[in-house]
Amino acid sequence: MTTIDLFQLDDRPRWAELWTGYLTFYNTVLPPEQYEHTWAGLMNGRLHGRGARDASGRLVGITHFIFQESCWTPKPIVYLQDLFVDPALRGGGIGRRLIEAVAAAAKAAGAPRMYWFTNNQNATARRLYDQVATLYEHVRYDYPMD
C-alpha cells in the first residue's frame, strides 16, 4: 500500500533521484545549488511537497507545490509545480494520490483554486490529468529575461 506524507530529512537522496528523473523528462539540468535551495525550501516550509512511499517506506513519487498570492482572490491559490512517479510504478494510482494530497493541502488552507502545467506531448500524464481536472485553452508565453 502506498502512503503519502511530508518529506523527511533522510529522504534527500531518493528525492534527488526522483526530481532528477522529472527534470530529465523535461530536458532540464539544474546545478547542485538549486537542488540544495529547493530541498531547504521543502524542509523549512517556504516550498511544499509530498512524497509517495511504498510499503517499505521508500519514496516512489514526489510532488512540489507553492501557495501563491493572487490579485483575483484574497486567498492564496496553489500551483502544483512538479509531479513525478517512478516509471516502474506508473499506472497504479500513485500520481492521482499525489494530486489528491496537494488538493487536500490546498483545501485545508482555503485555496479556491489549484492548477498545473504539463507538456502538450506528455500523453501518459495527460490521461490522468484529463480524469481529475479541467483542461483550459490558455497559451503560455515565456518572456526572455536574459
Side-chain angles (χ1 to χ4, degrees), residues 1-8 11-12 14-31 34-55 57-146:
M1 178 71 180
T2 304
T3 59
I4 310 292
D5 61 10
L6 298 170
F7 295 119
Q8 304 300 315
D11 289 331
R12 171 66 171 84
R14 178 63 175 155
W15 166 84
E17 278 181 53
L18 293 168
W19 199 33
T20 298
Y22 174 84
L23 295 170
T24 299
F25 177 82
Y26 283 107
N27 299 310
T28 301
V29 176
L30 295 176
Q34 186 59 48
Y35 280 73
E36 294 305 321
H37 178 78
T38 300
W39 183 252
L42 291 166
M43 290 296 99
N44 69 23
R46 182 177 42 80
L47 302 172
H48 304 275
R50 298 291 185 271
R53 298 176 190 284
D54 65 13
R58 183 172 190 255
L59 280 181
V60 294
I62 61 170
T63 188
H64 306 141
F65 58 100
I66 302 164
F67 288 89
Q68 299 176 326
E69 292 293 317
S70 172
C71 295
W72 292 24
T73 175
K75 301 269 187 167
I77 59 175
V78 173
Y79 171 44
L80 191 163
Q81 188 168 31
D82 307 316
L83 175 70
F84 186 79
V85 174
D86 185 319
L89 299 173
R90 291 184 184 156
I94 297 169
R96 178 185 296 265
R97 295 198 56 225
L98 284 165
I99 291 169
E100 290 169 350
V102 175
K107 288 176 186 175
R113 186 163 68 96
M114 178 176 111
Y115 73 102
W116 62 89
F117 297 101
T118 195
N119 185 288
N120 190 40
Q121 304 301 314
N122 190 355
T124 301
R126 290 188 66 192
R127 278 193 293 279
L128 169 60
Y129 301 161
D130 288 344
Q131 293 174 25
V132 300
T134 302
L135 173 64
Y136 283 93
E137 297 300 323
H138 291 274
V139 177
R140 178 183 136 177
Y141 291 89
D142 286 344
Y143 186 87
M145 300 302 289
D146 47 356

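Keep in mind it's a predicted model, so treat the numbers as computed, not measured.
- Of all the heavy atoms in Phe84 and Arg90, the pair that sits closest is CE1-NH2, 2.9 Å.
- Closest of all the heavy-atom pairs between Pro112 and Pro76 is CD-O, 3.3 Å.
- Contact annotation: the side chain of His64 never approaches that of Leu47 to less than 4.5 Å [non-hydrogen atoms, C-beta and beyond].
- Side chains of Trp72 and Ile77 form no contact here, defined as non-hydrogen atoms less than 4.5 Å apart.
- Residues Tyr26 and Thr118 have side chains that bring a donor and an acceptor to within less than 3.5 angstrom of each other.
- A 4.5 Å side-chain heavy-atom check between Gln68 and Val78 finds every atom pair outside the cut-off.
- Looking at every heavy atom in both residues, Gln8 comes nearest to Asp11 through N-OD2, 2.7 Å.
- Going from atom CD1 of Ile62 over to atom CG of Asp82 covers 6.5 Å, rounded to the nearest 0.5 Å.
- Of the charged side-chain nitrogens involved, none lies within less than 4.0 Å of a carboxylate oxygen, so that Lys107 and Glu100 do not count as a salt-bridged pair.
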Residue pair Thr38, Trp15: steps toward the side chain to side chain contact (heavy atoms under 4.5 Å, CB included) verdict
CA-CA 11 Å; Thr38 300; Trp15 166 84; 3.7 Å; yes

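- The shortest distance between side-chain heavy atoms of Tyr35 and Arg12 falls below 4.5 Å.
- Here CD of Gln81 is found 9.0 Å from OH of Tyr115. Values are rounded to the nearest 0.5 Å.
- Distance check: Gln34 CD to Thr28 OG1 gives 11.5 Å after rounding to the nearest 0.5 Å.
- Annotation: the span from His48 atom NE2 to Phe7 atom CZ amounts to 12.5 Å, rounded to 0.5 Å.
- Residues Trp19 and Leu30 are in side-chain contact: their nearest non-hydrogen atoms beyond the backbone lie under 4.5 Å apart.
- Nearest approach of Phe65 to Leu80, heavy atoms of both residues: CB-CA, 4.0 Å.
- A cation-pi arrangement is not found for Arg113 relative to Tyr79, the charged atom failing to lie both closer than 6.0 Å to the ring centre and inside a 45° cone about the ring normal.
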Step by step, would you call Arg97 with Val85 a side chain to side chain contact (heavy atoms under 4.5 Å, CB included)?
CA-CA 11 Å; Arg97 295 198 56 225; Val85 174; over 6 Å; no

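- For Leu42 against Gly49, the heavy-atom pair with the smallest separation is CD2-N, 3.7 Å.
- Put simply, CZ on Arg50 and CG on Asp5 are 8.5 Å apart, with the number rounded to the nearest 0.5 Å.
- In this structure, the side chains of Leu98 and Ile4 come closer than 4.5 Å at one or more pairs of heavy atoms.
- With hydrogens and angles disregarded, a donor-acceptor distance shorter than 3.5 Å links the side chain of Arg14 to the backbone of Leu59.
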